[in-house]
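Every heavy atom of this structure was used, including side-chain atoms; hydrogens, water molecules and symmetry mates were not.
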Protein chains: 2
Amino acid sequence: MPPRPGLSKAELEIARIVWELKNASVRQVFEALPAGRDIDFTTVQTYLRRLEEKGYLHAKLDGRNRVYSPKVRPQTVIRETVGEMVDLLFGGDTLPLMKHLVEERRFSPDDIDQLRQLLDRLEGGRNE
Amino acid sequence: MPPRPGLSKAELEIARIVWELKNASVRQVFEALPAGRDIDFTTVQTYLRRLEEKGYLHAKLDGRNRVYSPKVRPQTVIRETVGEMVDLLFGGDTLPLMKHLVEERRFSPDDIDQLRQLLDRLEGGRNE
DNA sequence: TTGACTCGACTACAAATGTACGCCTATAGT
DNA sequence: ACTATAGGCGTACATTTGTAGTCGAGTCAA
């Protein structure tokens, strides 16, 4: 089986909304768009259709309305997308991305704590 | 001024090579392609031309050869690309991406140490 | 000086992407 | 029943992306 074709930006945006809602009709997705994101209803329809074609979403009929739900797990899409970006931007090396994030994006002290704990847990696992 | 148009994957791949080489002719870029990446010389030419058009690379003539060099700093491109991905995948929230990376990608104990140190430095800065 | 090469410029072109229109039918209100 | 709506479906279409071919001018070797 050919690997799933990748998601475009617009498609990803829409897919994310479906993930959040778990289950959504075109209209629901449309209405969930952030204010200011000004695209046509039918455009959303098209993205959802493509998402289904590409195998990322599942659609079932509720009466004559299509209700979309995730098919591929978000986790998977995230892994693929991030992986691709790491490859392209850092030649596959994750650490530089981490460094970039820590340096360039603002973290609250709270976030930093959480990260520290994550790292600790990792190390724990390793030593077990 | 309109914001620079984004880079496509193939373009990013090529741009990265130029960043590495600092300075490169089409042929040098072509030859620096990883084994197995089988695209035509003229294709590379096209990507470089587009990169120049989009304002990411600077080209100067060395005799009749074009030599490309970075114009926009890699740092900037990385920031934009990563930022966009964080928006798309995590609604702009960086922490989940960090978590994802820590959980899903393998880090060596050494990497973990480096990350810890990064975090420490951050906190130091904050408390100063 | 005649090939054999190499580049740069221009052109080409299919696929993917971003975005929307139009038509038909079911549905709800009157 | 009659009309104004809303949704589904198919279609459209410009732009961007991935990829390459052609042609003409310079360059090097014989």
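Side chains of B/L95 and A/L115 form a contact here, defined as non-hydrogen atoms less than 4.5 Å apart. Taking the side chain as every heavy atom from C-beta outward, A/R79 and A/R73 approach each other to under 4.5 Å. Between A/E52 and A/L48, the closest side-chain pair of non-hydrogen atoms is not below 4.5 Å.
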Evaluation steps, side chain to side chain contact (heavy atoms under 4.5 Å, CB included), between A/Q114 and B/M98:
CA-CA 10 Å; A/Q114 288 198 49; B/M98 294 292 275; over 6 Å; no
At under 4.0 Å between heavy atoms, which parts of nucleotides 8-23 of chain C does protein reach? Answer with one letter per nucleotide, 5' to 3': B base, S sugar-phosphate only, - none.
BB-B-----SBBBBB-
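Counting to the nearest Å, the P atom of D/dG8 and the CD atom of A/E52 are 12 Å from each other.
For A/D110 and A/S108, the side-chain atoms include no donor-acceptor pair closer than 3.5 Å.
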